[in-house]
Amino acid sequence: MEKITLSLHNTALKHQIKKYAKKRGISVSSLVENYLHNLIKMEKRTTGKEYALPEELNILLDGIDVGEKYQTEDYKVLRDEMYENRTK
């Protein structure tokens, strides 16, 4: 695990962030990590490297943790691997 320090100059914002995370039952670190992950995902979509899912599907999938392999591997490779494993 890598550690990055986040400095907030706005005390009121700091309290709001902690309250928000506590209400949702997650740590501030997880909240920030998920936010940055989503920013990076959005950037990939705007560069045309990824196809955006319909918003309804995104809402249904929100909060589901998908392994890194399944986020980065080509669909056809994953599909072929899945079919390969069925015959074993």
Side-chain angles (χ1 to χ4, degrees):
M1 173 174 47
E2 297 262 345
K3 183 177 180 178
I4 296 176
T5 303
L6 174 66
S7 298
L8 295 173
H9 301 288
N10 184 333
T11 307
L13 179 61
K14 177 182 168 185
H15 292 299
Q16 288 174 342
I17 292 169
K18 285 184 175 185
K19 186 177 176 182
Y20 180 86
K22 185 176 181 180
K23 187 190 306 183
R24 292 193 170 40
I26 59 174
S27 68
V28 173
S29 295
S30 293
L31 180 69
V32 172
E33 189 174 335
N34 288 336
Y35 175 74
L36 294 173
H37 177 73
N38 286 332
L39 279 179
I40 292 166
K41 256 171 68 173
M42 286 173 50
E43 183 178 297
K44 284 182 182 177
R45 288 183 187 145
T46 59
T47 59
K49 292 181 182 177
E50 232 179 79
Y51 295 99
L53 294 173
E55 188 59 31
E56 293 87 9
L57 185 55
N58 266 336
I59 291 168
L60 288 172
L61 297 175
D62 188 34
I64 296 175
D65 190 25
V66 178
E68 184 70 27
K69 173 185 175 184
Y70 300 109
Q71 294 177 23
T72 57
E73 193 74 56
D74 184 63
Y75 167 76
K76 289 180 182 179
V77 172
L78 291 171
R79 183 194 62 202
D80 292 344
E81 186 179 291
M82 180 187 70
Y83 284 120
E84 244 179 59
N85 289 336
R86 283 184 174 181
T87 60
K88 290 180 182 179

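What you see is a predicted model; the values in this text were computed from it and never measured. Only this structure's heavy atoms are used, side chains among them; waters, hydrogens and symmetry mates stay out. Numbers here simply count residues along the sequence, with the first being 1.
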side-chain contact (heavy atoms from CB on, under 4.5 Å) involving Glu81 - partner list, sequence neighbours excluded: Lys69, Asn85
Separation between CG of Leu31 and CG of Leu36, rounded to the nearest 0.5 Å: 9.5 Å
Student check: side-chain heavy atoms of [X] and [Y] closer than 4.5 Å:
X	Y	value
Asp80	Val77	no
Leu6	Val28	no
Lys14	Ile17	no

Set of residues satisfying side chain to side chain donor-acceptor pair (under 3.5 Å) with respect to Arg24, sequence neighbours excluded: Tyr20
Working for side-chain contact (heavy atoms from CB on, under 4.5 Å), residues Ile4 and Val32: CA-CA 11 Å; Ile4 296 176; Val32 172; over 6 Å; no
same_hphob_cluster(Ile26, Leu8) at 4.5 Å side-chain heavy-atom cutoff: yes
